2 protein chains.
Amino acid sequence: MADAGSRHKTRANPLFLREEKLRQAMELLFFAYRDFTGEANAVLIDYGFGHAHHRVIYFVGRNPGITVSQLLGILKITKQSLSRVLGQLIDDGYVVKESDRGDRRRRLLSLTAKGAELWTQLTTRQSNRIARAYREAGADAVEGFCTVLRGIINEEDRGRATRRDSRNRQ
Amino acid sequence: MADAGSRHKTRANPLFLREEKLRQAMELLFFAYRDFTGEANAVLIDYGFGHAHHRVIYFVGRNPGITVSQLLGILKITKQSLSRVLGQLIDDGYVVKESDRGDRRRRLLSLTAKGAELWTQLTTRQSNRIARAYREAGADAVEGFCTVLRGIINEEDRGRATRRDSRNRQ
DNA sequence: CATATATGTCAATAATACTGACGTAATTTT
DNA sequence: AAAATTACGTCAGTATTATTGACATATATG
């Protein structure tokens, strides 16, 4: 009885509590992402698109002039997978592709006015959800939120969701 | 020139900064979730499973005795979708299904020893990732992280990723 | 007994994604 | 200038996840 083991729930057991907190985090992440994306998915159905289209629209809108391979690097999917989705978006007039004048092998992607409109429609919804959560949580919590999320991201990609200057243009 | 418009990046423009912060949050969420799940997906390939199996394994492991409909409520997919995945996990001996003695319409799901082993293998990897991020961020940041994530989740499901007592058994 | 609930299943389809193989154009290297 | 590399595209086949719709069965509840 006196072996301070690892299965008692007495409040002096940080190991148990730690594991509990970590699992809680995993679930929070699951549910938050599920609901965060669910909202946008509903909008996309009206356009005949899915979440893959959303991701493309989003990152092209956010990084005008992004190349195909840069986009592949962000999405981490194969070019064959991207091809279908991107092709549809171009055919339907949401995205345009033009040759880079500097390196004509490259294709630069950007949104049309129509694409920008859809981008806004999708983004404002998700953005409102985040804004509400931010407002309710307060500035300090927001900072913690970003710090932890950044720590979860693979080191090589941590910079991607930060810098808004000195990017994309080489 | 004196119209204090909405497109200058002068540091006295909270609206611009706000939008920027919100989009940053969306991207952090995207990348964090991508990398968080990517690791587990790699393990699952060796078992011939996909991420759908992971989610089932995870929530069954976390909620032993969960019913089929409760699981559907968490995953928010159709029962036909769940059926295939759950059937495979049962056939391969990772999950067991037994009738609830109280209400024999219900099927209670739980992991086998083999299932628990896979659960641990998957969870420790993800858990380590979170733990590292937590350690680097500090306790206050962690609290903020949880608070904001909870705020992002649809109100009706916010309780799901918290309570570990007084649940599941009614 | 009638109805509702919990689960299962058959069938058809869509969306996302993969591997592998090849082709072309443009740039870079030797 | 020839050779190699890079960026992109595409054809074919397949796997996984998910959907809608219809129907069946067992159990519980009024």
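Within every chain, numbering begins at 1; the chains are lettered A, B, ... in the order of the sequence lines, protein sequences first and strands thereafter. The structure displayed is predicted, hence computed values, not measured ones.
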> Let me confirm one number: the CG-CD distance from B/Asp140 to A/Glu143, rounded to the nearest 0.5 Å.
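Output value for this atom pair is 10.5 Å.
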
> Are any of the side-chain nitrogens in A/Arg23 or A/Glu19 under 4.0 Å away from the carboxylate oxygens of its partner?
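A salt bridge links A/Arg23 with A/Glu19.
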
> With a strict under 4.0 Å distance from non-hydrogen atoms of chain B, what nucleotide opens and what nucleotide closes the contacted stretch of DNA chain C, reading 5' to 3'?
C/dT5 to C/dC10

> Could you note down all residue pairs passing ring pair (Phe, Tyr, Trp, His ring centres under 6.0 Å) where residues 55-90 of chain A supplies at least one of them, sequence neighbours left out?
A/Tyr58-A/Trp119, A/Phe59-B/Phe30, A/Phe59-B/Phe31

> Going 5' to 3' through nucleotides 2-9 of chain D, assign each nucleotide B (protein heavy atom under 4.0 Å from a base atom), S (under 4.0 Å only from sugar-phosphate atoms) or - (no protein heavy atom that close).
----BSBB

> Counting just side-chain N and O atoms, does A/His51 come under 4.0 Å of either OP1 or OP2 of D/dA18?
no

> So how far off straight is the helix from C/dC1-D/dG30 to C/dT30-D/dA1, going by the axes through five pairs at either end, to 10°?
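Both end axes considered, the difference amounts to 30°.
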
> With side chain to side chain donor-acceptor pair (under 3.5 Å) as the rule and sequence neighbours excluded, what pairs involving residues 129-138 of chain A come up?
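Residue pairs passing side chain to side chain donor-acceptor pair (under 3.5 Å), neighbours aside: A/Glu39-A/Arg129, A/Arg129-B/Asn154.
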
> How is B/Gly87 classified with respect to the nucleic acid when contacts are heavy atoms under 4.0 Å: base, sugar-phosphate, or nothing?
nothing

> For residues 83-92 of chain B, please give each side-chain donor-acceptor pair under 3.5 Å, one per line with the distance, not counting sequence neighbours.
residue: B/Gln88; atom: OE1; partner: B/His53; partner atom: NE2; Å: 2.5

> I need the CZ-P distance between A/Arg84 and D/dC11, as an integer number of Å.
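Interatomic distance, CZ of A/Arg84 to P of D/dC11: 15 Å.
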
> Does the side chain of B/His54 come within less than 4.5 Å of B/Phe49's, by heavy atoms?
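A side-chain contact is absent here, since even the closest heavy-atom pair is not under 4.5 Å.
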
